[in-house]
Amino acid sequence: MLQKVLIANRGEIAVRVIRACHELGLRTVAIFSEADRHAMHVYYADEAYSVGQAQAKDSYLNIEKILNVAKMSEVDAVHPGYGFLAENHEFAQACIDAGLIFIGPMPHAIATMGDKVVARSTMRKAGVPVVPGTEGESNLRDDEILAIASKIGFPLLIKSAAGGGGKGMRRVNDKSMMMNALSEARRESAAAFGNDSVYLEKLIQGARHIEFQIIADNYGNVIHLGERECSIQRRHQKLLEEAPSVILSDDIGLRTKMGEIACLAARSVDYVNAGTVEFLLDEDRNYYFLEMNTRLQVEHPVTEIVTGVDIVKEQIRIARNRRLSRQQHEIELKGWAIECRINAEDSYSDFIPSIGTINTNIVPTGPGVRVDTGVYPGYTISPHYDSMISKVICSGKTRGEALLRMRRALEEYRIVGVKTTIPFHQKLLNSHRFMAGQFNTSFVDEDFSLGGRSDTDDEIAAVFAALAAHQYRQQAAYVVQRGKRDASNWKWVGRWERMHR
Amino acid sequence: MLQKVLIANRGEIAVRVIRACHELGLRTVAIFSEADRHAMHVYYADEAYSVGQAQAKDSYLNIEKILNVAKMSEVDAVHPGYGFLAENHEFAQACIDAGLIFIGPMPHAIATMGDKVVARSTMRKAGVPVVPGTEGESNLRDDEILAIASKIGFPLLIKSAAGGGGKGMRRVNDKSMMMNALSEARRESAAAFGNDSVYLEKLIQGARHIEFQIIADNYGNVIHLGERECSIQRRHQKLLEEAPSVILSDDIGLRTKMGEIACLAARSVDYVNAGTVEFLLDEDRNYYFLEMNTRLQVEHPVTEIVTGVDIVKEQIRIARNRRLSRQQHEIELKGWAIECRINAEDSYSDFIPSIGTINTNIVPTGPGVRVDTGVYPGYTISPHYDSMISKVICSGKTRGEALLRMRRALEEYRIVGVKTTIPFHQKLLNSHRFMAGQFNTSFVDEDFSLGGRSDTDDEIAAVFAALAAHQYRQQAAYVVQRGKRDASNWKWVGRWERMHR
Amino acid sequence: MKYLATVNGTKFEVDINEDSHVTVDGERYEIDFRAIGNGPLYSLLIGGNSYEGHIEATDDGWQVLHKGDLYMVEIEDERSQRLMSLGGAVASAKGDYYLKAPMPGLVVSVTVEEGQEIRQGDILVVLESMKMQNELKSPRDGTILRIQVNPEDTIQQDAVLLVLSPSDDQ
Amino acid sequence: MKYLATVNGTKFEVDINEDSHVTVDGERYEIDFRAIGNGPLYSLLIGGNSYEGHIEATDDGWQVLHKGDLYMVEIEDERSQRLMSLGGAVASAKGDYYLKAPMPGLVVSVTVEEGQEIRQGDILVVLESMKMQNELKSPRDGTILRIQVNPEDTIQQDAVLLVLSPSDDQ
C-alpha cells in the first residue's frame with residue numbers, strides 16, 4: 001500500500017509533489033535543512049523533520065539521515081524530485097533495501113544513464129543515433145582524449161561523464177585550446193561530481209535541444225507524451241521551454257519517429273516511471289541522442305498542459321504498480337504551453353545570483369496562467385541552494401496566444417527584494433527571432449542582447465526618478481528638521497548626499 | 001477599428017477584461033472612484049481616470065462621467081463587465097449614440113430581458129417553458145397579485161420585475177404571509193432598482209439552478225457553450241459553480257435539448273454577444289426558463305476551462321464584427337471545473353461582511369488552479385462595493401479530481417486581514433451530499449451546517465492557543481518590565497487582562 | 001508554565017517547557033512554533049506533524065482557525081486558576097450590552113423601540129454594507145435601554161448602535 | 001522644485017509643482033504618484049497614463065525598472081546645478097576601488113595576484129553561490145593593491161575581496 005510519501009527535496013518541486021499527494025489523499029512528509037524551517041514545503045506537508053545543516057551535503061544529500069526520517073515517520077514511498085539525490089542510483093537502491101518504494105526508475109537504469117559514456121554506448125548498441133564523439137571508453141587519459149579530438153574535429157565539447165546542468169562542460173574551438181579546457185573541465189567535474197572522467201562530443205552547430213517525455217509502467221508499457229523545445233539556454237542552462245516544438249508541429253512524421261526512438265531508448269534500459277530523452281536536432285533535421293534524465297524534469301508542466309496528463313500523479317500511479325492510464329494513441333497534443341524560469345539573478349548584471357528577502361510577491365493569475373513556486377512574501381532567498389524562485393507557465397490555443405499571455409503574466413508579476421530574470425524573459429518575448437521560432441541552442445549566448453530597449457520610455461523614467469528623488473529629498477529634510485535618528489531614513493540621506501557630491 | 005477599450009467596472013472583472021485586452025494587444029482605459037485609486041485594475045490598465053466619489057452612483061453608475069472619459073481618452077469600445085451598468089440598456093444606447101462599440105448585446109435585448117415580466121412573456125411566446133406564475137402583466141396591484149397567488153398556489157416566490165441577485169425576493173409559504181411579504185418585496189425592490197413592480201413564480205421544490213452560456217455574432221449565428229450548475233446558493237446568492245452539471249453529464253439528450261432551447265431564447269430577442277440563459281430543473285427533469293443575464297457572468301471561467309473558449313476574447317471578437325470562432329458541433333465539454341467565490345464575509349457569523357486591510361495574500365497556485373482576483377497584499381476592502389475578493393477555479397479530468405484539487409487549493413490560500421468564505425467552502429467540499437452531487441438550490445440554506453467539524457483537532461487547537469497565550473504573556477511581561485509604552489503591545493496586555501478577569 | 005485550555009467542553013492541560021517541548025495531558029512532544037511573517041499565522045511542528053493556524057485573541061478567548069475549522073479556546077493559566085480556587089473568581093459579565101457596528105455602513109432600519117423587551121436572536125438593526133443587508137441580532141434576552149442611531153445614518157465601524165440591559169432573571 | 005534628469009544621454013527638465021503637476025521640458029501634466037505598499041514599487045498616473053515603476057537609489061543614480069526595461073537616471077537638482085556652475089563640482093571618484101562580494105558564497109578561485117596590472121573586464125575572483133560559479137570582473141583598468149581572501153573562504157555579502165588602485169592614466 002502506498003499511503004504516505006516522503007519528499008526528499010525542497011523548493012518548488014517539493015511543493016509540486018506535495019500538491020499531487022494531497023490531491024491523491026496521500027499523507028506527506030517533508031524534510032528540511034536548518035536554513036529551510038520557513039520554506040513553503042515545510043508548511044504544506046503533513047509532517048516535517050529537520051535533516052541537518054544548511055549545506056546540502058549535510059542535509060538534502062545525506063542518505064542516512066533521510067532514510068532515518070523515512071523509517072521513523074513510517075512512510076511507504078520516497079519521491080526524489082529533481083536535483084539532489086534524484087539521479088543517485090545508490091539512494092534509489094538504499095530506499096529499496098529499506099523496504100520503501102522509490103518513485104522513479106530502477107537503480108540500474110539510473111546508473112546506466114547516469115554515466116554518460118556508458119549511456120552513449122548502450123544507446124548506440126540499441127540502435128539509437130548518438131552525437132558523434134568518444135566511443136565506448138570510460139576514464140580516458142588526456143593523451144587518449146587528445147588523439148580522439150583530432151579525429152572528431154573542431155569545434156567540439158568536452159563533457160563530464162557524471163555530468164548534468166552544464167557543469168564540467170567546455171567548448172573547444174581548436175586544438176590549441178584543448179589542454180587548457182581539458183584540465184578546467186576535469187577540475188570542475190571533480191568538484192561537482194567527485195569524478196573527473198570526461199568525454200568528447202562533436203559540436204553540432206545550429207542545433208536545437210528537443211526532448212521527449214517518457215512514461216513507463218511495470219508491465220513493459222512505454223509511451224511518450226510528445227516533445228519539449230528547450231533551446232533557449234544560457235551557458236547550457238535552460239531558461240525557457242515550450243511544448244510542442246515549432247519544428248515538430250510542422251513535421252508530424254519526425255515527431256512520430258523521434259518519439260519511437262525515445263521509447264526505444266527507454267526500453268533498452270528497462271525503464272520504469274517518468275523520464276526524459278534529450279536529443280539534438282540539427283539544421284537538416286538529423287537527431288542525436290544527448291542523454292536521458294532519469295527523473296521528473298523542471299519543465300514537466302508544459303507537457304502536462306498540452307497532454308492533460310498530471311505527470312507526478314502518473315509517477316505515483318506507476319509506483320503503485322498500476323498500468324499507464326493511457327495508451328500512445330490516446331495522447332494528443334492540444335494547444336501550446338510555455339514556461340519561463342524565474343531565477344533570483346540579475347538579468348542586467350550577467351545573471352549574477354541575487355540574495356535577499358522577498359517583500360512583495362504578487363504572482364500573475366487569471367486565464368491560462370500557472371505558477372509553480374516555493375516562495376512567498378517574507379521568504380528569504382538563501383545562497384545555499386539554486387536560484388529558482390518560480391516557474392511561470394502560460395498556455396493558449398496557439399503559440400501566439402501562449403506568448404502574448406506570457407507577456408501579460410510577466411508584466412503582472414511583482415517581486416520585490418531580489419533581482420530576477422523577468423526582464424530577460426520580457427526582452428526575449430519581444431525578440432523577432434524568438435517570436436518566429438527561429439532559434440537554436442546558441443541563440444541566447446550569441447545572438448541576443450538585453451541592451452536594446454523595446455520602448456523609448458526615457459521620459460517616463462526621468463519623471464519616475466525625479467519624483468522619487470523629490471520624495472526622498474523631502475523625507476530627508478523632514479528627518480533632519482526633526483532631529484530624529486531613524487536609521488532607515490539616515491541611510492537615504494547618506495545616499496542622497498553621496499549622489500550629490 | 002477596435003483598438004482601445006474602456007472598462008466600465010472595477011475589481012476582479014475589470015482585471016479579467018484588461019487581461020484579455022492586453023493579450024489581444026488592445027489599449028485599455030480604467031475608471032476608478034476616489035476609493036479605488038489603489039485598486040489593481042488602475043495599476044494594470046494603460047490609462048486610468050477618476051470618475052468621482054466612492055459611492056457607486058457618483059462614479060461607476062454615472063453614465064455621463066464615464067462617457068466623458070471615453071470621449072477624452074478616445075476609446076473605440078466600452079466593456080461593462082457585470083453589475084453596475086452592465087444590464088442598463090440606457091447605458092448601452094448612450095455608448096452607441098456616442099459612436100462607441102458597446103461590448104455586449106443591443107439595448108433592446110437588454111431591455112426585454114431586464115424587465116423579468118416582459119422577458120417571461122417573450123419567452124412564453126417563443127415557445128420556451130417558463131416557471132409557472134403571473135402571466136403577461138406588468139405593474140400589478142396588490143389585490144391583483146393576491147388573486148393570482150391563490151391560483152398559483154403556495155409556496156411561491158415574490159420577485160422584483162427589475163430584479164437580480166435575490167433583491168426584492170421573498171418566499172411565501174401560505175396566504176397569511178402574503179401581504180407582509182409583498183410590501184417588504186416592494187420596498188426592497190424600490191430601494192434597489194427604483195421600481196417596486198413585482199411578479200409571482202411558483203416555488204419549484206427541490207429544483208437545481210442550471211444555466212447555459214450563449215454566444216452569438218452579428219451574422220445570426222448562436223451557439224451555446226454547455227451548462228453550468230449553480231445550485232449552491234445562500235439566500236439566492238451563488239457561492240460555488242461548476243461545469244458541467246452532474247445531471248446533464250448523465251443525460252446528454254437533456255443537455256442537447258436545453259442547449260437548443262437556450263439558443264432559441266437568445267434568438268427570440270436577436271441576441272448578440274455573450275449571455276446566459278438560466279433554468280430551473282425540477283426533480284422530474286422538467287426545465288423552466290428563469291431569466292436571461294445579458295452580460296458576462298461571474299462564473300464564466302468554469303465554462304472557459306471545459307470548452308477551451310476564452311469568453312472575454314470571444315466577446316471582443318464579436319464586437320469586432322467577426323464570425324464566431326467555432327460552430328456548435330466543435331464545442332466539446334472536456335474535464336471538469338469548479339469555482340468557489342471567496343468573499344470578505346465571516347463564514348462563522350452569518351456571512352456578515354468583513355472590512356479590513358489584507359496583509360497576507362498567498363494565492364494557491366500549481367497545476368489546475370486559476371485565481372481571478374482584484375486584491376493584493378496591502379489592499380483595503382472597502383464597504384462601498386461588493387464583498388468578492390477572488391474566485392478560485394480548479395479543474396481536473398474528472399469532477400473528483402477537480403474537487404480534490406479545490407480542497408488542496410483552499411487549504412493553501414492564506415488571506416489575513418479580513419474574514420472570508422474559505423471555511424464555508426472547505427466544509428461544503430467535505431459534505432457527502434455535495435460530493436455525491438445530490439443537492440439543489442435549497443441545500444445550503446436548509447440542509448447544510450458549518451457547525452459540524454470535519455476533524456477532531458481539539459487538542460491541536462488547545463496547543464495553538466496555549467502557545468499563543470504564552471507568547472503574548474511573555475511579550476506583555478517584557479513590555480511591562482521595560483516600562484515602554486508601545487500601543488500595540490498594550491492592546492495585547494489589555495486583552496490579556498480582560499480575558500483573565 | 002501550565003495552561004488549562006478548554007475547547008468545545010474538553011479540557012487539556014498544556015505545560016509549556018522552555019526547551020522546545022510541551023506536555024499535553026501528560027504526553028511530552030517536541031515542538032517548533034513560529035509566526036509566519038508578522039502573524040497572526042503560525043506554523044507549529046509538534047512531534048513532526050506540521051500544522052498551520054490563524055490565531056486571534058478575542059474578548060471571549062483565543063480563536064484558532066485551522067484547516068477551515070474554527071475553534072474557540074479558553075485559556076486559564078496557573079495564576080488565574082489559583083485565584084479561581086481561592087474564591088477570587090470575577091463576576092460574570094452582567095452589565096449593559098452595547099451593540100456595536102461590526103463594519104461601517106448605512107443603517108437601513110431599527111426594528112426595535114426603546115423600552116421593548118427582546119429575546120436572544122431577535123433582529124435589532126439592519127445595516128447595509130458591501131451591497132448586502134445584514135441583520136444584527138440580540139446576543140441575549142433583555143430590554144432596549146437606548147437607541148443611538150436612526151435609519152439612513154452612515155456609521156463607522158464599532159459605533160454603538162443601541163444599548164441593551166439584561167433581563168432580571170439572568 | 002526643478003530637477004535635471006539624464007537618461008541614456010538625453011536630458012529632461014522635470015519641474016515638480018506642489019499641486020499634483022509636473023512640467024517636463026515645458027509641457028505640463030497632471031500626475032498622481034504613489035507608493036504601492038511600502039515601496040520601492042510606485043504607481044504613476046501622468047496625464048491619465050498608468051505606469052508602474054520599481055525605483056531604487058544606487059550610488060550611481062536612480063535605477064528605474066519599468067516594463068522590463070532598466071533605466072539609469074542621473075538627477076541633479078537646482079542647488080547642485082548651481083554648485084556645479086560655480087565651479088564647486090566635486091572631484092570624480094579617483095580613489096581605490098574595493099571589490100565587494102555581491103552575495104554571500106564560497107571563494108572558488110582568485111585569478112589575479114597582488115601587484116598585477118589588469119584591464120577592465122578581466123576576471124578577478126570566482127565566487128560560488130546558489131550552485132553557480134560567478135565571475136567577478138574588474139570595472140576598470142588598474143593594479144591589484146591587496147587581495148583579502150583565499151580560495152575555499154566562505155564570505156559574507158559585501159565582504160571586501162580585493163582592492164584595486166586606478167591606473168595612472170585615468
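Letters A, B, ... are given to chains in the order of the sequence lines, protein chains preceding strands, and every chain is numbered from 1.
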Exercise for review: Could you tell me which portion of A/Val363 (side chain, backbone, both or neither) has an atom closer than 4.5 angstrom to a non-hydrogen atom of chain B?
Suggested key: side chain
Point to revise | Part of A/Glu401 within contact of chain B (heavy atom distance under 4.5 Å) | key: side chain
Check your understanding: Which distance, rounded to the nearest 0.5 Å, do you find between the OH of B/Tyr376 and the CD of A/Glu412?
Key -> 14.0 Å
**Study point:** B/Arg407/A/Glu23 salt bridge by N-O under 4.0 Å criterion
**Key:** no
Check your understanding: What's the spacing between A/Tyr43 OH and B/Glu411 CD if we round to 0.5 Å?
Key -> 15.5 Å
Exercise for review: With a 4.5 angstrom heavy-atom cut-off, could you sort out which part of A/Asp310 is near chain B: side chain, backbone, both or neither?
Suggested key: side chain
Review point. Considering only heavy atoms, which portion of A/Pro301 lies under 4.5 Å from any heavy atom of chain B: side chain, backbone, both, or neither?
Key: neither
Check your understanding: Relative to chain A, which of B/Met40, B/Glu12, B/Lys313 shows the most heavy atom pairs under 4.5 Å?
Key -> B/Lys313
Point to revise | Proximity breakdown for A/Arg408 and chain B, heavy-atom pairs closer than 4.5 Å | key: side chain
Exercise for review: Output the option from A/His22, A/Arg405, A/Lys334, A/Glu304 having the highest count of non-hydrogen pairs under 4.5 Å with chain B.
Suggested key: A/Arg405
Practice item. Below 4.5 Å from any heavy atom of chain B, which atoms of A/Lys391 appear? Answer side chain, backbone, both or neither. Key: neither
Exercise for review: Please report the shortest heavy-atom distance between B/Ser325 and A/Lys397, naming the atom on each side.
Suggested key: OG-NZ, 4.5 Å
Review point. Out of A/Asn361, A/Asn359, A/Thr360, A/Ile362, which residue meets the side chain to side chain contact (heavy atoms under 4.5 Å, CB included) rule with B/Pro377?
Key: A/Ile362
Review point. Can you say whether A/Met406 sits under 4.5 Å from chain B via the side chain, the backbone, both, or neither, judging by heavy atoms?
Key: neither
Exercise for review: Could you check if a side-chain atom of B/Pro367 sits within less than 4.5 angstrom of a side-chain atom of A/Ile305, using non-hydrogen atoms only?
Suggested key: no
Practice item. Would you sort out whether A/Thr365 and B/Arg16 count as a side chain to side chain donor-acceptor pair (under 3.5 Å), showing the intermediate values? Key: CA-CA 10 Å; A/Thr365 58; B/Arg16 168 72 186 92; over 6 Å; no
Practice item. Considering only heavy atoms and a distance below 4.5 Å, find which of B/Thr373, B/Asp372, B/Leu403, B/Val371 pairs most often with chain A. Key: B/Val371
